[in-house]
Each structure stands twice: as structure tokens, then as C-alpha cells.
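Reminder, nothing fancy here: chain letters follow the sequence lines and each chain counts from 1. A quick note: this is a predicted structure, and the numbers were derived from the prediction, not measured.
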Protein chains: 4
Amino acid sequence: MRVRAGIVGGAGYTGGEMLRLLINHPSVDIAFVNSKSNAGNLISDVHTDLFGDTDLRFTGELSSDIDVLFLCVGHGDAKKFLAANPVAEGIKIIDLSQDFRLKAAAGEDWVYGLPEMNRERIKNANYIANPGCFATCIQLGLLPLAAKGLLKGEVHVNATTGSTGAGQSLSATSHFSWRNNNLSIYKAFEHQHLNEIGESLIQMNPDFDGVLNFIPQRGDFPRGILASMYVESDLTAEEAQALYEAYYAAHPFTHVSKKNIDLKQVVNTNKALVHVEKHGNKLFVISIIDNLLKGASGQAVQNMNLIFGLEERQGLALKAAGF
Amino acid sequence: MRVRAGIVGGAGYTGGEMLRLLINHPSVDIAFVNSKSNAGNLISDVHTDLFGDTDLRFTGELSSDIDVLFLCVGHGDAKKFLAANPVAEGIKIIDLSQDFRLKAAAGEDWVYGLPEMNRERIKNANYIANPGCFATCIQLGLLPLAAKGLLKGEVHVNATTGSTGAGQSLSATSHFSWRNNNLSIYKAFEHQHLNEIGESLIQMNPDFDGVLNFIPQRGDFPRGILASMYVESDLTAEEAQALYEAYYAAHPFTHVSKKNIDLKQVVNTNKALVHVEKHGNKLFVISIIDNLLKGASGQAVQNMNLIFGLEERQGLALKAAGF
Amino acid sequence: MRVRAGIVGGAGYTGGEMLRLLINHPSVDIAFVNSKSNAGNLISDVHTDLFGDTDLRFTGELSSDIDVLFLCVGHGDAKKFLAANPVAEGIKIIDLSQDFRLKAAAGEDWVYGLPEMNRERIKNANYIANPGCFATCIQLGLLPLAAKGLLKGEVHVNATTGSTGAGQSLSATSHFSWRNNNLSIYKAFEHQHLNEIGESLIQMNPDFDGVLNFIPQRGDFPRGILASMYVESDLTAEEAQALYEAYYAAHPFTHVSKKNIDLKQVVNTNKALVHVEKHGNKLFVISIIDNLLKGASGQAVQNMNLIFGLEERQGLALKAAGF
Amino acid sequence: MRVRAGIVGGAGYTGGEMLRLLINHPSVDIAFVNSKSNAGNLISDVHTDLFGDTDLRFTGELSSDIDVLFLCVGHGDAKKFLAANPVAEGIKIIDLSQDFRLKAAAGEDWVYGLPEMNRERIKNANYIANPGCFATCIQLGLLPLAAKGLLKGEVHVNATTGSTGAGQSLSATSHFSWRNNNLSIYKAFEHQHLNEIGESLIQMNPDFDGVLNFIPQRGDFPRGILASMYVESDLTAEEAQALYEAYYAAHPFTHVSKKNIDLKQVVNTNKALVHVEKHGNKLFVISIIDNLLKGASGQAVQNMNLIFGLEERQGLALKAAGF
């Protein structure tokens, strides 16, 4: 089958990454790429690495002759967009903002699009709330425990994100002169992704008391998230390894490495790697993703593949940057 | 058709990049990946970004049940390898070292594998000498002029390469603490690629006197080459633009940008972008490639595609890193 | 007064930084710079940023006509050096290795050279064990609590170090192609600095049960350590701020910032900045230093200043890199 | 003697670097730091690496109780400032903008503040036009030739600047996600510094026909400029080395290295290093500076030292970053 896709908010970072993916996706036709700020401009004038790959232009119009609509707009703007532009029934929506991630805000129509947690529900969903990048990385480190009800006590998480996680708007902390060779912490204990993580964990592990201490860091690299986390556990190292391997055995993008891992193993791929160690009574997990791929647009395409019955890895067998 | 490929020297940078490409190439089966130093080891233990993508292991053996052999060994070692391990007739060889790039050393059996110059000859070649990375980038900036006999006088070239251009061996200039935020020049006027560039240019532009002043720089990034060059020319800016566009019109990876270009437009792709300006009597050209792809393993796959009659872009429609 | 200084191990990173400092120190004369591997070579041939600043050469000899000896050799080698080369009485020794940091190994003659903890003892010391870089950064984040006996329960620490922390030897994780834009974790819960930190904390806070969970990270920058840590506390934010400000009021290099901090505020200085926040029942502290200065050679010079009655900041009023 | 200094435009990059220098300068008192945009704010709230070093605040006022005024405002704004705020006679002015660098614009009252060219005139100057960063680096590579009338024919220059050279305003090319690991060219053959370079060269080498081909590059590092340049010359390598050494023998910041050089040798110092090679009939020169120091604020302080009869290196014996 072929899938006709529309993109709203195509001029931003996640919109650009969506285009990089869909242009090469063997089952997708791009119907339109909507951008208020860039209507009429060549896509390759904004996402200049696409020069030579596409002659498409941004449009200010919308079309309902599509199978799926990707919303790549800012937080808060997805809800507004849908209120102002009702989408015809039958068109699937995949929203990359945070607007529909929490049950209370989204209602029952929206499925939280983390395939490693909700794959079957995603296949039958109409509307997907694509998870946050930090939330994806951290949950992939904890899901196997939560699924067995083994999360208890406090979870201690530290995660460092690349600069593309903050979007393309210019700010003091995105200035090269400042960020190069720098490191800093922001929103300690208070990052907004704590809500969606907590909701997932409680759903899977209902008696988890939900104390998750999260220290987010701004790294001096453009792509990727490395999260580390630990929790008290009675599992041995071998039991934990087996638990994680079993949990992810059927998931084509998430792999459990017996060896220590480093961020660049996943940069420019849709993969997640997870590594588990036991130290004393602490179970220690490292989890890595590319924030623009598994943490955003790659996962959105993965969700699209699931919804339309395509092979899950289609269009996502990406060559790692490696370096 | 399907192509069975063998790789010798699979543990180095170009060998790793070859694997990243061939694993996803729709028409290729990897027959073996030979590595003296890593025989028996998992490929993903060396090229750790391939963890989850392949269970292949390096082998110390060779096999002649292949259609094409990629030589990814060091300069000088390709010649030695072929002397010690005669390759059965009918097997195509693509050598990424510099051993067979010069006519005097290679003889008539080897074709210089720059598709933008030799596409038809490559299609019928048995043995391909894959061009050097600097040589590729610089020649792509000059070929349209040389093809019209318009190169004359001195050519002034400055080009900066990423650290992967120097391979994975550890050295003072590859130490992170040294190279981060640093810039330096090496082999000014004396880089070994001058020979292959000169041979190409004279072949196409026989009355070119061959004075090419080349300043190579070590950049503080892992991937990519940006070369700039200028030469006196009577062409107007419009004529030059038209000349370059016409020359590359039929070549799917090399594109002429009317806008200024920057290195990251091609990182992690097999593309080359070229930009032409006229200043006074100088024609000024900027040329960019990814040194491991268009400058090495990507171009080798492109040559393989041409030899076996596959679509030239097959397996090479790579998602740009972008960031 | 003038201080005559000898340096052993002058060709390494901490030896180089010692030279950068002492060459400009208004009260110090460099008597000799010993290096086995570089005897006879110009110092500026190894530490090339000193070209134009000094004509000194490394020597293979030692001299006892000195007031202070800095040991900048590897871990384990300081003890061996002193066994093989007894130092005349009256010469002060400042050892930058870990060999004498722990009481059990060092005995009573050695004072742990953290001025913010031991300033008065340092002034009267003969032998100084200069603290580790991680240990310095983490202790500066915890000392005010420990001094009041307020450390209890578990302390959760994550700290990221620059590449110079691993010294100048070449290794896979110091290769530019690998480390650029990368992040990784090593020795989680098991870093050797835990011992010296634990010893200090228990000494100041005897009923602290000493559980310190420490996740060390390798950052993709050459200089600096950013550590974050949290612990349960009954202090309000204001009380904590006041406690930290009071503790460091008399210390010229360690400052408590009410605003959030980032690593580059201290790079190329001997300063440490500490920032304190309260979140729920957690007291959260960020601490930053330059690992080669406050974390090594700068602190060694600070200790020298204290021992010889010089103004503590002498030779250490360094211009920050800023960028 | 003590020098009372006022700074206008203290919130920008060159203003910040001026403050980093003057705060530690042994003969300078900072009378005021004027900033329209930050009047009333703590200096350390803007230049956060100065936290702990100064409690000074920006002011919206000016004072004439000063010996020297540093103008650290944007190009064009220095002229406007002086028109609107006449400076009392006897106060020296050092302007870091380009407003007074060209004779035609500046008139005879202003001296071009390149000590390696104009030291004696600077000592007696009232008003100094501080050279541009590219202009400083390139001129230091050519002055010894120009001084002997040996510049002829075309000069070929390529130079790469750090991001701080573009100031702190936010722009697409200063965004970390874009600039990290990137390289690009701008204003090829047309950089505005060509004018001041040309004026200097013609002044020293009146029969030089002034063709200087200059390719400026944006590097992915914050500090530093590396320029390389070549010109036809009859000098042997030894003669050139001797010529350069003789020319700079009396200049404390500019040194001629027989060994190849790399950018980080001068980062965070006021030094310039120059390296000369001969290749065929080409004399090839590499020149490196820190754009914010020898290329801006450091040179301004050097000029101040000369004007007030202070030792030329006073306050400028800076510890190199090294890494």
C-alpha cells in the first residue's frame, strides 16, 4: 500500500527530520508540507541538506486528500491547530507536541505512541501522541521493570540532551560561543516530561509511588540523549539482563547491550540501546537514543508504519553517523 | 540481480562505513568481512553503532564465491594483498587505497573510479581505483572547467578535512584534547593527492600546465571536507553556473547550488555540492563532500552499482545528519 | 619571599598546567622540570602553547636546592619516586597523584590538600596530597553540609569530566573521532575517588553512613567538571544558601551563586562555583571546577601559597576563557 | 603610575574580554563600564565567568575623570558615540570598531594600533584605531615582507575565524546546532578588512600593487584565527626565517616558530605565532592569534600599555588555555 502524508510545521527541526525520512520512505508520498512562515519557499532553502533531493515547496494550504497528518508544531499549537482546522474522519493524526500525551488533556481517542509499551494499541489507533524525547529515553530504561511491577522507592535519573532538543529558535543557551564545550543543568526535578513518564509507569506498575528524581542536562552536541538511572532492586545482574532482553526481544529498534554503551552508537538512527548493571542493591541502567529520531520524528514514522500495517523498520533502516 | 561482496580490512574506518552501507543495500549480500586483527570478533564489537543490526563476525579467511571484493586496507597494503592473494578472474575489485590510482603504478587494467569523470569506463571496468577524499572533493570543483579546456595558470586550493580522514590509529593530532577547537595545516603544497588530481586534470585538459597550490587543513570535526579553489577565468558568473549545471546534470550525487553552501549539508550522505562565484577575473568554487562516503566508501558502492548495472543511487539514498 | 620549585613529571597534562602557572607566578623560580621521557627537550616543544614564553628545557636530573617539589607523575609512581629518590628534609612536597590521599596509605605526615576543608593544617604541612579532580568538585558541593553534620542517608552524584582528566595517553575513548559529540559513563558506583571523598566526609560528619552513589561521565570537552548532587535535607532553600555562603565566605576561590551556573564560568580559572536549590525534601547542589586547575595544578599552587605564607590567590588570578 | 579606564559598550564580547583583562591589570583602575542595555546590572550577571571576581555594575553614565576610554561598541557606533559625547582633551581613546581604521575616514589624529607596525607612533598617539582581528592576523604574516618591499604579485590568503568574531548577537550561523562540526565560507574576496590590510601594506611597501585574494571561513570553535598565505618570493627558506625573526625580535607577543603551529597554541593569550615555509617559488606563511585578545581587547590593552609607558606585557602575561 501507499500512504499519503501531510506535514504541518515543516520548517522546524522535527519537521525537517520528518522530511529527511519520508522522502526516502518506500511506501510514502508526501502530499503537502505546510508552513505558515515559509509558504512558497523551497524546502531545500530551509532544510539545506535536502538540496538535490527534492524540489518540493512549503505550502500555506492544507489538503484532506491524505491518509496521515503529522503535526510538527510547537507545544500548545497542535491543540490550537486542530481546533481551527478540523481533520476529516479517517485521517490518522500523529502529533509530535506534548498536547495530547496526558490522558486528562487528551481523552480516550489518543494513544501514547511508545511502541515498546503500546504497540498493539498503536496499530489500531486513530490519533497518536508521540512521546517526548527525554520521556522516550527514560521510559525505555524502566519499562521492563515497570511491566513486572518491580519499580519501587525512588528512581534517580540524570539525562543529557543535544541542542536540537531545544528547537531551532535562537537563544542564549543555543549560541555556539556559549554552548561549545559547555555543560549545564536546567529544570532539575521539574522537567515537564516527568508527567508523561509518571503516567506510563503508574499505568504499567500501579503500585509504584512515582517518585522520580530527574536532573536534565544541556550537552554540547546537537543530537542524542544519554540517560542513566538507578533504583533499588532484588534482581541479580543476570536476572535483570534476562528481563530486559526478553522485554525487548520483539522490538526491532531497542536492543540490550551487555557491553557499556556510548551516545554515538545511536546518533542518526531510530535505535535505542539499553545497558544494565547491578551495583550493590542498585540496578543501574543506561539508555541512549537520537532525540530527533527515536525521540521524535523517527518514532512518529515507526508509529505510522504500525498504524498502516507496514513493516515496522520500513524507511527507518538508517545508516548510523558513527562519527 | 544480487551481488555477493567480500570486504578485506573491515575493521578500519572505511571498512566500517562500507558495512554500514552494504548491510542496508537492497541488492548486496555480504559474503565475508576479513580482518586480520579482529578475526572471530563480532563486527558490532568493533563498529559498535552496528549493534542490533548485524550478527556478522570478522573472519580471517577469504572466499572466492563473490562478485566483488572491496579492499579497505591501508595505502601500500592493497598491492601487497593482491600479490599474496590472487583474485579469481571475473571477480571485480574496488580498491579504496591509493595503490592503483596512478596510471604508472596501476597499468591499464585499473579505472580511476570517479563517476563524474569516468562513468562509462567504470561500467565496463574490472578493477576500480577508488579516488582519494581530498582528490574527489577538489576534482568535483574543477572537472567542468577541465572538460572544456578552461583550466589555465595557477589553481589555488584550500581544503579542510575531518578527523576520520586520518583513520582510526591513535596519534597526537587525533587526540580529542588536542584537536577539539583546534585547526592546523599539514603537507602544504605537498599532499600526495596532488598526483591523482593532476593526472585527471591533464587527461581532461591536456594543455593545463598543472600548477595546483594545495593547502590541506585538519579540521575539528569528524566527517567532511570543504574545499575552496579559484582560478583566473574569462567566464561570466552566469556562464560558469551554466557550465557546471550542464556538466553535472546527469550525475545524481553532485549538485550545483546557486546559494552559498556549508559542510553539514552533505555530512552522512554520498552527495557533493558545488557552488560557483565570480570575483573580478577569478572563478571561485566551493566543493563539499563527506570524506567517508563520497570521499571513500560511498563512492565505492556507487562504483559497484555502476559496474553491476544497478541504479546508481541504490543503497545510497542516505538520510543526512543535518545536525 | 621567593620559592624555588622543582617539578617531576613535567611532560604530562598536570605538569604542563603547573608550568603555565609557575612561569607567571610572581614569587616562584622554577629550579628544574624533570621528565624521563623528554630530558633535554625544550619545554615548549612539548607544551607548545609555551613557545615564546620560556626557553627552559626538561632535565633528567634532580636538585635538592629547592623549597618545594611538585610530583606530577601517574598514580602509583609518586610513591615509587619518593622511595627511589629520598627528598631532603625541609623540602615541601605536593603530590598530585592519588598515592597519599588516604590516611591508611599516607600516614600522618601527609595533609589532604583541600583548602576549603584543611586550610590551617595545610599552612603547617610538609607534605600535601593534592585532591583528585572529581573529589574536589564533589566535596565542594557537600562540605558545608558535612561540617554541620547534616549529611545523612544517600547522596546521589552525577559528574561529567573533560577529556584532560584522563591524561594525555592515547586511547580509544580519547580519539577525537570517537569523543567528539559523544557522551558515556564509566566506573558507575565504583570510581576510585569515592574513597577520598568518603574519608573526608566521615572525618567532618562522623555519623554519616557514607553511601554516596556516584555516576561519572566522560564529556566531549577538554576542560572542566560539572557535578550535581542531592540529598534529603530539612534545610529551607534560604537556610541552605546562608549555610553555603557562610562556609565559603573566607575562601577566595569558591563562590556560591544564587543563579544557575554553567561549566564555562570556571574554565581556565582556579575558581569553583556552587549553586544550591531546594526541591521538595531534596537539597540539590551543582558544583563546577576546571579539572586541571582547581582540580589539579591550580589547587597545588594554592596549597603552595598557603604553605609559604603567600597571598592565597597569588599567581592564580587567571583570566577565564569565557568561550 | 595608575591608569583610570572607562569602557563604553561593556556588555559585548570585546567589552567582556576587556573587563577580564583590566580587572587583573596591576596598573589599571576601572572608572566605569557603560552599557546602555545593561545599566544598573551586575557585570557578573552578563559576563558570568566574572562572578566572584568583581562586584562592579554597568552604568548608563559617563565620567571624564579617566585617562583612557575604550570604545567596545559596534561598527559605526563609535563615530556616533564620539559625535554625541565629546571627550575631554587629554583623554586617550582606543576604539575597537572599524570606524577610524582607514585614513580617509579617520584623519591624521588617529593611529592604526598595530604595535608590530606602528609602535613608536602608538606611544605618542592620542587616539588609537585598534585593528580588526582578521587584519591583525594576516598583517602579522606579511609585515616582514612588506617592510622590505618584498611583496609583489598576488597574495593568496585563507583564514578561519572562531564564532566570537561575529559577536554575541544571535543568528542562524551562530546557532550551536548549525555551527557545531560545520565549516563555511563568507564574503570571499570581499571582506571589509581587506581595506585596512591594503592600506597598511601599501604604506609599508608602496609599490605593492595590492592584489590580496582573501577567503574568510567560519570555523566551529569559539576563539582564534588561523590564517595561511603565500606569495611568490626569491627568498630562500633560511632568508625568510631570518627576516621574520629579525622583524619580530623586539616584539614581545609575536614569535616565529620553526615548527609547524596549530591554533590552540595561542588561544586565551595575547600572542601571535608565525611560521614560514618555502615551497618552490612560493613563500608560505601561517599566522595564528586569539581573535578576542591579540585580535581585539588584548591588543587594545597592549596599545594602552604603550601609550602610558607601561611595560608592554603588563596585564597580558596570560595563561594559555592549552586545551
Can you say whether [X] sits under 4.5 Å from chain C via the side chain, the backbone, both, or neither, judging by heavy atoms?
X      : value
D/R223 : side chain
D/S257 : both
D/I23  : neither
D/Y13  : side chain
D/V256 : backbone
D/D290 : neither

Hey, which residues of residues 313-323 of chain D are touching chain C, say heavy atoms under 4.5 Å apart?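 When heavy atoms of chain C are the reference, residues 313-323 of chain D contributes D/R313, D/A317, D/L318, D/K319, D/A320, D/A321, D/G322, D/F323 within the under-4.5 Å range.
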Do [X] and [Y] make a side-chain contact, defined as non-hydrogen atoms from C-beta onward lying under 4.5 Å apart?
X      : Y      : value
D/F253 : D/E312 : yes
C/F70  : C/L22  : yes
C/E311 : C/N305 : no
D/M1   : D/S27  : no
C/K271 : D/D49  : no
D/V266 : D/K294 : no
C/M18  : C/L96  : yes
D/Y186 : D/T161 : yes

Grab the two heavy atoms, one from D/V28 and one from D/A5, that are nearest each other, plus how far apart they are.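 Heavy-atom minimum between the residues: CG1-CB, 4.0 Å.
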Shortest non-hydrogen contact from C/I225 to C/A159?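 Heavy atoms of C/I225 and C/A159 come nearest at CG2-CB, 4.3 Å.
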Quick one: what part of C/L50 sits under 4.5 Å from any heavy atom of chain D, side chain, backbone, both or neither?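 Interface part for C/L50: backbone (N, CA, C, O).
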Which atoms of C/L293 are under 4.5 Å from chain D, going by heavy atoms: the side chain, the backbone, both sets, or neither?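 It is the side chain, since no backbone atom gets that close.
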What class does the angle between the rings of C/F51 and D/H255 fall in, given that below 30° is parallel, 30 to 60° is tilted and above 60° is perpendicular?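 Ring orientation, 0 to 90° scale: perpendicular.
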Which of parallel (below 30°), tilted (30 to 60°) and perpendicular (above 60°) describes D/Y247 and D/H251?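 D/Y247 and D/H251: parallel rings.
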Chain C: which of [options] shares the most heavy-atom pairs with it under 4.5 Å?
options                       : value
D/L21, D/V267, D/T164, D/N180 : D/N180
D/L292, D/N181, D/I261        : D/N181
D/N268, D/D262, D/D53         : D/N268

Just so I understand: if I count every heavy-atom pair under 4.5 Å between each of C/E17, C/H47, C/K264 and chain D, which residue has the most?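 Winner by heavy-atom pair count: C/E17.
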